[in-house]
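Each chain gets a letter, A, B and so on, in the order the sequences are listed, and its residues count up from 1.
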Amino acid sequence: MWDFPLLPDQASVNAPKLDALMLFELGVVVFFTLMIGLLVLAFCVRFRRGNPVDRSHPPTHSKAMEVVWIGVPLILSLIMFVWSTRLFFDLYEAPPDAAQIDVVGKQWMWYLQHPQGRSETNELHVPLGRPMKLNMTSQDVLHSFYIPAFRIKQDVLPGRYTSLWFEPTKVGVYNLFCAEYCGTNHSVMIGKVHVMEPADYEHWLTEKGSGPSQAEEGERLFVQNHCAGCHRGSQIVHAPRLEGVYGKPVPIQNGNNVEFATADYLYIRDSILDPKKQVVAGYEPIMPSFKDQISEPDLLKIIEYIKSISNANATPETAQ
Amino acid sequence: MSASAQAHHDGPPADYLSESTVKSWLLTTDHKRVGILYLISVTIFFIAGGVLAGLMRLELMTPRGDVLGSPDTYNRMFTMHGVIMIFFFLVPAIPSVLGNFLLPLMIGARDLAFPKINLLSWYVYMVGGIMGVWILMHGGIDTGWTFYTPFSSMYSNSMVLTAAVAVFITGFSSILTGLNFIVTVHTMRAPGMTWFRMPLFVWSHYATALIMVLATPVLAISIVLVGLEKFFGVGVFDPRLGGDPVLFQHLFWFYSHPAVYIMVLPGFAVISEIIPCFARRPIFGYRFVAFASVAIAIFGFLVWGHHMFVSGQSMYAGAVFSILSFLVAIPSAIKVFNWTATLYKGSLSFDTPMLYALGFMGLFTIGGLTGLMLASLALDVHVHDTYFVVAHFHYIMVGGTVMAYLGGIHFWWPKISGRTYPEIWGKLSALLVFVGFNLTFFPQFLLGYLGMPRRYFEYRPEFQVLNVMSTAGATVLAVGMLMPMIYLGLSLRQPKNAGDNPWGATGLEWQIESPPTTHNFHEPVLVTCEPYLYSPEEAEREYAHAQHVHSA
Ligand code: HEM
Ligand SMILES: [Cu+2]
């Protein structure tokens, strides 16, 4: 019973950096707490009523001292601010080679989707030593994706995509929690993160036979939901081609003006669920809304498909 | 009516407690009686919130949810615990009980500027409070006291809206109290009571009142918007209706962060009175302490975003809120350092109020300093919404505000009731509260850093030891907090034996009878000197003399 840990596992590149900052701040906190505590105790003993000590001319104010005790905390604060803000910005800037995992939170489970096609719930398998980027959204209320051993956390919001990245450094099994209160079973919306040797991970990915990848699944959905009917091939319907669109600025008709929007995750999601909101310049607003017809995980697959054809610039169709 | 006016001219004026009919209490416009009405009501709410806390800690003794049985029960409990403690206890406690009672006395006024509005604010508060209790008895709400959308507006099937209305109504009580204080401080000060002759208690309450008046309407607006969304499907917060869930958080914290200062500034007010009195020293750096209150009130409006570092707001907004949060820590630090310096070369005695004040300093220091970790973006990412935060805010709210409140009640009890209480029990309660508090909440810092999220009904078995420690501490804490209710209650059966100024304090309130008469002062007050004109040497001389007499 008594062998409980005092520090959580350090299992990501971020963890030791964060713990170092924590140690520094802990030092500051302990120092000031002890300083105040010991001063108060010392004064209480020395200046207790009846103790014969010199009490003449007690100071009533001192600009110099006020300046010191405004200045020192200010400087320490600035150090903490700069240090922690740099770590924080790192946390949101994934290395370009990071592999992407899609995450969907819903009451009360985590749905996780690997790019190669395998998906899982409440279990997340990741390879050791490879940066992984999380691309997250929620199907209902707010959730928060939290892996203490990696020292990362990010709220997961309905109708928005948030992201975060990590690089595991220690093989093992770690807790995955939901940290934003989300209703009845909030406390059991938990899972396990399995950090595996890269070879084991590759094996795990194909364990159930290599199924279709995210993008391939997305293409299937693209056809199945009749997106392809307008956006691909047919010359009769007037709809923009989607090859090469991902990540590019798209001209949007806004009254008489044309504005540009970047075709990112959110843009594509909005275009599917609420197509009248942003109409590409030169096209009629004829696309139907797919609201309540395509689930969040499927939306992610379709986006993945559109992303996968973004490098297809060379094809004659889009080169036009 | 004429009878009591008669009594005034004949015999010695009766004290404010002497008329005892229920009607005389419910229709009173005497600020002191309104203070007592609040005292009784916040105590009842505090007990209710405390019982819920006890049940929650009982549940958390084991990792499985096997005590209360259902997660919904637990979720409703922590919500009601939070709502009651914040809106029905902490926000009104010090300003409405001690502030109401003392503010006019301290500035030499006959009453607050608007006595009838003062009574009205109590009624408004009670309407909100009774609705709150009604909700509790009819199933409760399960959103947490933060009411985050879209859970609260679209998914929770509980009485969110009734609760929101209860909080909304209570908010008006806060606004009324705030307005009353501001006008009183501006217009009712006795001749000679300049701004820099005001006790720091008045300064802090003035700053608090500013926040109450400026921030509370935003809470009201947010609640109205949640209602519109729930009933009319106006898309403000729910993305399915084209709204933005993070917007709610902005609005909510725009009120609730300043509200944290509504809760803690009055605590500073009390401590700034107690420490000089028992140290027999003028407060060190009076002007810095006074301005620090105002600085906190102003900065308090600029840091709401630090509750949202991982909410999906922009990273740059995060950075701005982070630096501002560090800055708001500075005025709090000024206060702590100045209180400490006030002890230097004092003549310290350790009566119950002083023990509470010293306990406050320790706990508030820890609570405040751990706030630096939460203001640090990268660290907050890890500890946000974990037990680290639960520990931090209990250190501030219970360790800070509740300790100050209890200290203040003990300090002014002789003035309020005319009675003394047994010192030995008082000291024991202060000790138990301090020890029990640390045992309860210190392990939670560790739990949080280990990664236990808050609002968890069940948890991983590795977190159990620390949770058991915390529950054990809560038992000690509960005993410590119950004791004053008992011995202070019993003291009311004694004769009025306190004397006008049992602590030898300097404030105007100590220069009139205990308990004060209905009209506070018999003749016009003229203030000719600074507050806190204590002398440690004189205290020593008196002490030596008393010893001498005693041993002779
Ligand atoms: C007397 C001892 C107390 C104990 C043992 C206690 C215990 C707890 C516990 C177990 C929680 C739930 C934490 C979570 O799961 O997130 C909680 C939350 C809370 N407590 Fe206390 N508490 C105590 C006193 C107080 C007091 C005096 C106040 C304020 C005056 C207070 C204010 C709060 C608030 C605002 C919350 C957050 C509620 C929420 O998550 O919605 N507590 N407390
Ligand atoms: Cu969740």
Measure distances from [X] to the heavy atoms of chain A and classify the residue's part below 4.5 Å as side chain, backbone, both or neither.
X: F278(B); value: backbone
X: F457(B); value: both
X: M308(B); value: neither
X: D244(B); value: side chain
X: Q313(B); value: neither
X: L372(B); value: both
X: F350(B); value: side chain
X: Y148(B); value: side chain
X: T386(B); value: side chain
X: E458(B); value: both
X: R460(B); value: side chain
X: L343(B); value: both
X: L447(B); value: neither

- prompt: So how far is it from L377(B) CG to S84(A) OG, rounded to the nearest 0.5 Å?
  reply: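 L377(B) atom CG to S84(A) atom OG measures 5.0 Å (nearest 0.5 Å).
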field: Rounded distance (nearest 0.5 Å) linking atom CD of E180(A) with atom CZ of F151(B)
entry: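 Output value for this atom pair is 11.0 Å.
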Distance-only, no hydrogens or angles: does the [X] side chain make a donor-acceptor pair with backbone N or O of [Y] under 3.5 Å?
X: T33(A); Y: I366(B); result: no
X: K153(A); Y: V310(B); result: no
X: R455(B); Y: G183(A); result: no
X: R55(A); Y: K345(B); result: no
X: E540(B); Y: R49(A); result: no

Against chain B, label [X] side chain, backbone, both or neither, depending on which of its atoms sit under 4.5 Å from a heavy atom there.
X: L157(A); value: side chain
X: Y146(A); value: side chain
X: N51(A); value: backbone
X: V53(A); value: neither
X: L273(A); value: neither
X: Q154(A); value: both
X: R48(A); value: both

- prompt: So, S311(B) and D155(A): side-chain donor and acceptor under 3.5 Å apart, yes or no?
  reply: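 Side-chain D/A pair, S311(B) to D155(A): absent.
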Closest non-hydrogen atom pair, [X] against [Y]:
X: Y456(B); Y: I190(A); result: OH-CG2, 3.6 Å
X: D142(B); Y: Y181(A); result: O-OH, 2.5 Å
X: R160(A); Y: G312(B); result: NH1-O, 3.3 Å
X: P282(B); Y: T60(A); result: CG-CG2, 4.1 Å
X: A319(B); Y: T85(A); result: CB-CG2, 4.1 Å

- prompt: Any chance CZ of F24(A) has more than 12 other-residue heavy atoms, nucleotides or ligands included, within less than 6.0 Å?
  reply: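 Yes.
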query: Would W69(A) and N338(B) count as a side chain to side chain contact (heavy atoms under 4.5 Å, CB included) if you check the C-alpha gap in whole Å, the side-chain angles of each, and the deciding distance to 0.1 Å?
result: CA-CA 10 Å; W69(A) 63 51; N338(B) 279 293; 3.6 Å; yes
- request: Look at the rings of F47(A) and Y344(B) and say which category their plane angle falls in: under 30° parallel, 30 to 60° tilted, over 60° perpendicular.
  value: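 Perpendicular.
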task: Hey, can you tell me if F463(B) and F177(A) have their rings parallel, tilted or perpendicular (30° and 60° cut-offs)?
output: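 F463(B) and F177(A): tilted rings.
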message: I'd like to know which of S62(A), P52(A), S163(A), S56(A) tops the heavy-atom pair count under 4.5 Å against chain B.
response: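 Option with the greatest count: S56(A).
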- prompt: Can you list the steps and then say if M22(A) with V383(B) is a side chain to side chain contact (heavy atoms under 4.5 Å, CB included)?
  reply: CA-CA 11 Å; M22(A) 182 66 184; V383(B) 294; 5.8 Å; no
